Structures are given as C-alpha cells and as structure tokens.
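Heads up: the structure comes next, in structure tokens.
Keep in mind it's a predicted model, so treat the numbers as computed, not measured. Ligands are counted one by one from 1 in listed order, and the atoms in each one are counted from 1 as well.
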Amino acid sequence: MSIKRSTPVLPSEITSRELYLNRREFMRVSAALGAAAGVAAAQMWLSRPAHAAVKLSDVRKSPLSTTGEELTPLKDVTTYNNYYEFGTGKDDPSETAHRLRTRPWSVAVEGEVTKPKVFDIDELIKLAPLEERVYRMRCVEGWSMVIPWVGYSFSELVKRVQPTSKAKYVQFTSLADPEQMPGIRVPILDWPYTEGLRMDEAMHPLTILCLGMYGEVLPNQDGAPVRVVIPWKYGFKSGKSIVSIRFVEEQPRTTWALANAREYGFYSNVNPQVDHPRWSQAKERRIGEFGKRATLMFNGYGDQVASLYAGMDLKKYY
Ligand SMILES: Nc1nc2c(c(=O)[nH]1)N[C@H]1C(S)=C(S)[C@@H](COP(=O)(O)O)O[C@H]1N2
Ligand SMILES: [Mo]
C-alpha cells in the first residue's frame, strides 16, 4: 500500500518536493519511457503519493528520545492507524486521509491566557527549534510502536501565550469537517474529537507539539499538520490535526471518556496493573514483532513522570 497525502504549499524552511525526490531516478525513468511519455511520467512522479515528500530542515536530535529500541518502519506507522474521522479500520486513514487539506491551517490558542493568538502552521513550525523525539507509543487496544516524531516541547507554545492563574487544564480539539473527513458522518464518537491534560502534564517536557515524523511533515493519516504526543499515556490522548488549544479552569470533556466513562478515564496513563474492563493491559504487541512484550508502567517513562501522580490512586484515576 502506498502512502497518500495531500500536496502542501511549500514554505521556505521546507525543502521542495522536486529537490527532495531522487532526480537521477526520475531522469532515468523519463529517458526509458521516451520524451512524450516522459511528460506523463513526470506528472505521475510529481503527483505520486510521495514517500519522502516534504522534509523538515534543521531537526536536531533530542536527549529526551528513547534509545536502544528499533524504530517501527515508516510503512507501518503510515498504514496501521487509528484516526476515526477517516474510518474505524486500521487502513482507512491511509486510504482516505489524502482528502484532508492541511494548508492553509491555523490553530487558535485561547481561553485562560493573557495573550490568546491564532497561530498559522508556518509560525508553529518556526516557533521553537525542531527536535527529533523517539517515543514508544502504546495504544489502549494492546499494540505499540516506536516512532521518531518531530516537534518541540508543548511548553514552548504555552510560554508564549502566558496562561492566567485560572488555567488548570488544557483542551485540544481536532478538526471535524464532514467534507474532508468521511468518518465524521458516522456518529460513533461525539465530534469534534477532544482530549485534555492537566496543566502540569501539558508542561512536562516529554509532551510535544508534533509537526512531523521521520524527518518529514506529518503524513495526513498520522495527524497532519499538527498534533500532540504524550508518550506515557495511551495513544488516544494524543489528538490529531489540532485546530484549537484551550486553557480552562475545569477538567475538560474528553471524547473517549464521553463515549464510555467506565472504560476510559481522563488520565489514561499507560498502566499494566489496571486492566481495561474488557481486556488485560499487562502485555502489548510491538507492531512488526511476533509474540508479546510486557507493558511498562507509564509506558517506560515512569522515572520522568511518576512524580506527577504522587499520592493519587491510579486505579481510581485511570
Ligand atoms: N483526532 C483523532 N486523534 C486521534 C485518534 C482519532 O481517532 N482521532 N486516534 C487516537 C488513537 S486511539 C491512537 S492509538 C493514536 C494513533 O496515532 P498514529 O496513527 O499516528 O499511530 O492517535 C490518537 N489520536
Ligand atoms: Mo489507540
């Protein structure tokens, strides 16, 4: 299966698609097909769902990356997805998310902040130095991946809008456009998809505003053009294609807790000791591996995040 994505407008800090494609390969194909066919080949080549289309430049490695684990191949990360706005099947997003127009795009940062602001996606890309953050990702369904995300700590954005003393939580809202997202017509979730974090969770350096993966802009199926990634929580906390970030006083509604409060709580920290009502969370299948491995407390990030939950009963606050 190929990777489909829309053709974004290329801002200055992004290497152009033509430059990034392998020119020699392109010339070789054109020559073999002859001049007339070459034009068709060129069109095909340029409109082809590119594997390495839009590279992000100046991405530095982060010391906060998980090391010593094999990366999940890009092909798996882009064809085995959960993105219900594009359907509930694992391969639905890779087949239909090319319909998502990721430019122009803006994110409204609002609510309990001194300096509310609507950020254009190009502003967000330039807001702070881009870092590669390799994180383990654990889906509540029992599978996991290791993904080299590109982004920066979400706290970088928070600093710029200056939350008021009333800001206790952050709510993230995903796009909900039935024209672009066929899954929205199915009332399976209460759209738009919303997720939330407590302020200290949002400010934790591991929480990132994510703009890419594998050195490129995010493929649509992975939440282009901007998502959040919170590696110690089940995957559903990491909302995709974010259009609004709201700072609020009360714990916000979250899509999965609304869908089934008994099965999904607000915190949703990866916890092998607290089973989902319908299945165990003790083990996981790493995509690409046979057999299962043990799921780690806080997805292996306990040294860094356990203190956020000191004194809390994690069976109650699941
Ligand atoms: N808007 C939105 N965000 C979403 C989802 C979704 O359906 N819609 N699925 C979540 C779930 S369940 C998981 S496991 C991750 C999957 O991210 P990935 O496909 O990039 O691996 O995205 C999360 N973010
Ligand atoms: Mo998930």
Tell me, please, whether Y301 has R136 positioned over its six-membered ring: NZ or CZ under 6.0 Å from the ring centre and within 45 degrees of its axis? yes
For atom 15 (C) of ligand 1, the closest protein heavy atom turns out to be G235 O, 3.7 Å
Salt-bridge test for K55 and E216: reply yes if a basic N is under 4.0 Å from a carboxylate O, no otherwise. no
Is it true that Y193 and F236 have ring centroids separated by less than 6.0 Å? no
So which protein heavy atom does atom 8 (N) of ligand 1 come closest to, and at what separation? E85 OE1, 2.8 Å
Can you tell which of Y84, Y318, F266 makes a ring pair (Phe, Tyr, Trp, His ring centres under 6.0 Å) with W256? Y84
Which is it for Y193 and ligand 1 at heavy atoms under 4.0 Å: side chain, backbone, both or neither? side chain
For ligand 1, find out whether one of its N or O atoms is nearer than 3.5 Å to an N or O atom of N81. yes
How close does the nearest protein non-hydrogen atom get to atom 21 (O) of ligand 1, and which residue and atom is it? D222 OD1, 4.1 Å
Is a salt bridge present between R286 and E70, judged by a nitrogen-to-oxygen distance below 4.0 Å? no
The answer for which part of P93 has a heavy atom under 4.0 Å from ligand 1 is neither
Record the part of E195 in heavy-atom contact with ligand 1 below 4.0 Å; permitted values are side chain, backbone, both and neither. neither
Any G239 heavy atom less than 4.0 Å from ligand 1: yes
For atom 7 (O) of ligand 1, what's the nearest protein heavy-atom neighbour? Residue, atom name and distance, please. Y84 N, 2.8 Å
Working to the nearest 0.5 Å, report the span between CE of M137 and CD1 of I287. 12.5 Å
Does W105 reach the main-chain N or O of A224 with its side chain, forming a donor-acceptor pair under 3.5 Å? no
What protein heavy atom sits nearest atom 9 (N) of ligand 1, and how far away is it? N82 O, 3.2 Å
